[in-house]
Amino acid sequence: MEINGHTRLCGLIGNPVEHTMSPVIHNTLAKGQGHNLVYVPFHVEREQLEAAVKGAYGLNILGMNVTVPYKSEVRAFLKDIDELAEKIGAVNTLVRINGGYKGYNTDILGLYRAMCSEKIKLEGEKVILLGAGGASRAVAFLCGEKKAEKVYLLNRSLDKAELLADEVNSAFGRECIIPMAIDSYEKLPDEKFLAIQGTSVGLYPDVDKAVIEDEEFYRRIHTAYDLIYKPAETKFMRLVREAGGQACNGLKMLLYQGIIAYELWNQVEIPEESAQEIYELLK
Ligand code: ATR
């Protein structure tokens, strides 16, 4: 692509940003769509966050992604915020509107689209959600939004699971999230579950760990989604597979959060074949 007077810019705000795979997603999409657009990472220090968002608007930047550690803080500098992103309390995509940016959470929309593409549904499901940090928080709200029947929220610190459960249950006006301490997993009903792994345990380089090591636990899982994508098969996923369940990693979530951001910025629909092409590149 030739950079010229019409080139539009999108980018990523975070610290660090040097490891990001988002430029691969967006620059490949732009090429495939024939859009005159480039996507670059911006390493932003905390005290410069407001200036970065306002400056991006001033520079006519089309859209931004926001990553760690600013997904929550950035909300203070936005013109508007999408309802689900507001509930979750985290924004990873800024879409240019009149007078500023509107914040969205395409991480969670991306997870949902990834699940749909794997034919995994949340509606009416019994779910085990492992972890109550930032990533699991978004998943808990998604489960509320998509009307999962029951979500057993297991966390090492029970108090964090209880707080999150209260928040989601009151946001949706029903007792769908049940908080539990992670080491009391034996008390789970004797049924088969969809499991979503949202803790940081098993993330590279700690690849030989799983948040629950007991093989018995894994017999309860028919399908599992690990939000981690590095390594491509986490120990958690391996234990699920060894117990006869299906397991996916978080790479498709990463892919679709990018695709949905690109769609919001450019008001296009990316066809599934293009998504698959980028998925192969990311793998
Ligand atoms: P993220 O934003 O990626 O979710 P986070 O907010 O730091 O990161 O949350 C990390 C999650 O992994 C938490 O649920 C954490 O449990 P606590 O709330 O008890 O801290 C969980 N976690 C991290 N290390 C863990 C470990 N060794 N065993 C069990 N859970 C762990």
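Start at 1 with the first residue, then count along the sequence. Counting starts at 1 for both ligands and their atoms, following the listed order. Remember, predicted model here, so these are calculated numbers, not experimental data.
Heavy-atom proximity to Gly131, at under 4.0 Å, picks out these atoms of ligand 1: 14 (O). Within the listing of ligand 1, atoms 1 (P), 2 (O), 4 (O) sit less than 4.0 angstrom from a heavy atom of Ala135. Within ligand 1, the atoms closer than 4.0 Å to a non-hydrogen atom of Ser157 are 17 (P), 18 (O), 19 (O), 20 (O), numbered from 1 in the order shown. Within ligand 1, counting atoms from 1 as listed, the ones closer than 4.0 Å to a heavy atom of Gly134 are 1 (P), 2 (O), 4 (O), 6 (O). Interface of Lys160 with ligand 1, defined as ligand atoms under 4.0 Å from a residue heavy atom, comprises 17 (P), 18 (O), 20 (O). Near Val211, meaning under 4.0 Å from one of its heavy atoms, ligand 1 places the atoms 29 (C).
By the 6.0 Å and 45° rule, Lys252 stacks over the aromatic ring of Tyr279. A cation-pi arrangement is found for Arg96 relative to Tyr57, the charged atom lying closer than 6.0 Å to the ring centre and inside a 45° cone about the ring normal.
Among all heavy-atom pairs drawn from Phe141 and Ala171, the shortest one is CE2-CB, 4.0 Å.
With Arg137 contributing its side chain and Ile88 its backbone, the two residues share a donor-acceptor pair below 3.5 Å.
Classification of the Phe217-Tyr185 ring pair by plane angle, with boundaries at 30° and 60°, yields perpendicular.
Looking at Ala210, Ser200, Ala90, it is Ser200 that brings a heavy atom closest to atom 10 (C) of ligand 1. Closest heavy-atom approach to atom 29 (C) of ligand 1 among the candidates Lys71, Arg156, Arg137, Gln197: Arg156.
Among all protein heavy atoms, the one lying closest to atom 21 (C) of ligand 1 is Thr199 CB, 3.7 Å. Of the protein's non-hydrogen atoms, Asn155 OD1, 2.7 Å is the one closest to atom 14 (O) of ligand 1. Summary of contacts: the protein heavy atom closest to atom 9 (O) of ligand 1 is Gly133 CA, 3.4 Å.
Ion pairing between a basic and an acidic side chain is recognised when a charged N comes within 4.0 Å of a carboxylate O; Glu167 and Lys87 show no such pairing. With respect to the salt-bridge test (charged N to carboxylate O, under 4.0 angstrom), the residues Glu191 and Lys150 do not qualify.
Partner of Tyr39 under the side chain to side chain contact (heavy atoms under 4.5 Å, CB included) criterion, out of Thr28, Ile25, Leu9, Asn65: Asn65 alone.
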